[in-house]
Amino acid sequence: MSDVIRRPRALRAGDRVAVVAPASPFDRDEFERGLVELRTLGFEPVYQPSVFAREGYMAGSAQVRADALMEAWRDPSIAAIVAARGGYGSVHLLPLLDRSVFDGPPKAFIGYSDNTSLMTWLTVTCGIVTFHGPMIEGRFARGAEGYDRDTFERCLRTAAPAGAITHPSIEVIKGGSASGMLIGGTMTQLAASLGTPYAFEPPEGCVLFLDEVGERPYRVDRIYTQLRLAGIIDRASALVFNELPRCTEPSGTSTVRELAAALTQDFHGPVLFGLPSGHTDGPTLTLPFGVTARVEAESSPTLFIEDSAVL
């Protein structure tokens, strides 16, 4: 775990934003629509020709994808980097990334899903704030239907704490209040890292955000149990689940919220369920990973971002 957390500078109109494809290929039409939305936000989207590379179910070879990310990070004219989509493959980049490249001025990296592998490495190992927020395909490409502009701008364009992040879908599973570094991502990627040189090792007392989609309840149970037995859950002061969309039994005999309640019945801190960031059927909210957050799990369940995510 890095001893110092570094914040990128706040984004402003005219900034160049690099689009990279660290994982799976994307839909070209959605790619173009996503670029239009970035321009609507006042940014200048840029990308390398290699973003269109294809190799099986990945967006080019691991080396091509790693080189594109490092080149964008080295370029002083680029203020932020956004992933084209998730899917699978970002973990292949980790052994190929030159850590010294990321020791320079930090940049905003925005993504979720399979990009959890990169985001946790950037935040936990390199000490850089990252943003669990909209990607190009399915998010920026859909405009207001794909992402929540308010939390995106509060987290990335304002050098002040983003404050309250709440939503009508958030429910309290266990009450209480707790604070710590906000960190996490897609549960599958967090669990898959364990036992590798890139194992997810969050700080003690963290606020752990857990995102997942399309896994049957027994698989969610298996992933959560692996994280618990590995000691990851016990490190957290609070847990915040997303909606776990489509993580249901075909028979409909129980809800995924009931599963989350059963899995966390012995957890020692507050637990929220239903914060729509990452995989969600509605607009995705942006969360900054690496800053201090506070969970208030009472009558108005809220995640408060207490530190500025940008400078």
Side-chain angles (χ1 to χ4, degrees), residues 7-15 17 19 30 33-45 79-83 86 107-113 115 119 123 129-172 179 182-185 207 209 211 213 238 240-243 245 272-311:
R7 294 162 172 78
R9 83 163 165 77
L11 299 185
R12 51 181 180 253
D15 275 340
V17 174
V19 179
E30 292 221 359
R33 290 197 296 271
L35 299 190
V36 170
E37 181 65 17
L38 289 178
R39 294 187 187 103
T40 299
L41 290 169
F43 305 132
E44 179 189 349
I81 299 169
V82 59
K107 301 187 181 193
F109 182 91
I110 306 156
Y112 69 94
S113 190
N115 293 287
M119 295 172 66
T123 299
V129 172
T130 57
F131 298 87
H132 195 261
M135 299 185 286
I136 295 296
E137 186 173 282
R139 296 302 174 183
F140 282 123
R142 293 170 55 209
E145 293 183 0
Y147 78 105
D148 176 67
R149 187 166 179 173
D150 173 60
T151 52
F152 178 84
E153 298 205 328
R154 277 195 281 149
C155 289
L156 281 142
R157 304 189 83 157
T158 305
I165 294 182
T166 190
H167 191 273
S169 68
I170 303 176
E171 301 178 56
V172 175
S179 62
L182 180 61
I183 192 69
V207 172
F209 179 75
D211 173 21
V213 63
V240 181
F241 289 88
N242 80 327
E243 301 146 300
L272 297 181
F273 179 87
L275 195 160
S277 181
H279 298 101
T280 175
D281 293 330
T284 192
L285 276 61
T286 299
L287 302 177
F289 286 169
V291 302
T292 301
R294 185 176 84 255
V295 168
E296 292 293 343
E298 301 299 341
S299 57
S300 298
T302 305
L303 177 69
F304 290 93
I305 306 301
E306 298 190 312
D307 291 339
S308 175
V310 292
L311 300 176

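Just so you know, these numbers come straight off a predicted model, no measurement behind them.
Between Gly111 and Met135, the shortest heavy-atom contact is CA-CG, 3.7 Å. The two residues Gly133 and Tyr112 have their closest heavy-atom pair at O-CD2, 3.1 Å. The minimum heavy-atom distance linking Asn242 with Ser277 is given by the pair CB-O, 3.8 Å. Residue Ala79 comes nearest to Lys107 through the heavy atom pair O-CB, 3.8 Å, listed as atom of the first residue, atom of the second, then distance. Taking both residues in full, the closest heavy atoms of Cys155 and Ala309 are given as O-CB, 3.7 Å, listed atom of the first, atom of the second, then distance. Nearest heavy atom pair, residue Leu156 against residue Thr286, reads CD1-CG2, 4.3 Å.
Between Tyr147 and Phe152, the ring planes lie perpendicular to each other; the angle is over 60°, past the 30° to 60° tilted range. Note on ring orientation: taking the six-membered ring where Trp is involved, the planes of Phe209 and Phe289 are tilted (angle from 30° to 60°).
Checking side-chain atoms of Arg139 against main-chain N and O of Gly278 turns up a donor-acceptor pair under 3.5 Å. For Arg154 (side chain) and Ala164 (main-chain N/O), a donor-acceptor pair under 3.5 Å exists by modelled atom type. The closest donor-acceptor contact from the side chain of Asp15 to the backbone of Ala80 lies at 3.5 Å or more, if one exists at all. Looking only at distances, a side-chain donor or acceptor of Ser308 sits under 3.5 Å from a matching main-chain atom of Val310. In this structure, the side chain of Glu30 engages the main chain of Gly138 through a donor-acceptor pair within 3.5 Å. No side-chain donor-acceptor contact under 3.5 Å links Thr284 to the backbone of Pro134.
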side-chain contact (heavy atoms from CB on, under 4.5 Å) assessment of Val17 paired with Leu41:
CA-CA 11 Å; Val17 174; Leu41 290 169; over 6 Å; no
Begin from the C-alpha positions of Leu182 and His132 and carry the test side-chain contact (heavy atoms from CB on, under 4.5 Å) through to its verdict.
CA-CA 11 Å; Leu182 180 61; His132 195 261; over 6 Å; no
Using the rule given for side-chain contact (heavy atoms from CB on, under 4.5 Å), can you reason through Leu272 versus Val172, listing the C-alpha separation, both sets of side-chain angles and the distance that settles it, and then say yes or no?
CA-CA 5 Å; Leu272 297 181; Val172 175; 4.0 Å; yes
Do Val82 and Ile136 pass the side-chain contact (heavy atoms from CB on, under 4.5 Å) test, and can you show the C-alpha distance, the side-chain angles, and the key distance before you say yes or no?
CA-CA 7 Å; Val82 59; Ile136 295 296; 4.2 Å; yes
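Taking OG1 of Thr151 as the start and CG of Leu285 as the end, the distance is 4.0 Å to the nearest 0.5 Å. Phe131 contributes atom CZ, which lies 9.0 Å from atom CE of Met119 (distance to the nearest 0.5 angstrom). Atom OG1 of residue Thr130 and atom CD1 of residue Ile183 lie 6.0 Å apart, to the nearest 0.5 angstrom. In this structure, CZ on Phe241 lies 11.0 Å from CG on Asp211, to the nearest 0.5 angstrom.
A side-chain donor-acceptor contact under 3.5 Å links Thr292 and Asp307.
Residues meeting the side chain to side chain donor-acceptor pair (under 3.5 Å) test with Glu243, sequence neighbours left out: Thr280.
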Using distance only, find each side-chain donor-acceptor pair of residues 299-306 under 3.5 Å and give its atom names and separation, not counting sequence neighbours.
residue: Thr302; atom: OG1; partner: Ser300; partner atom: O; Å: 2.9
residue: Glu306; atom: OE2; partner: Arg294; partner atom: NH1; Å: 2.3

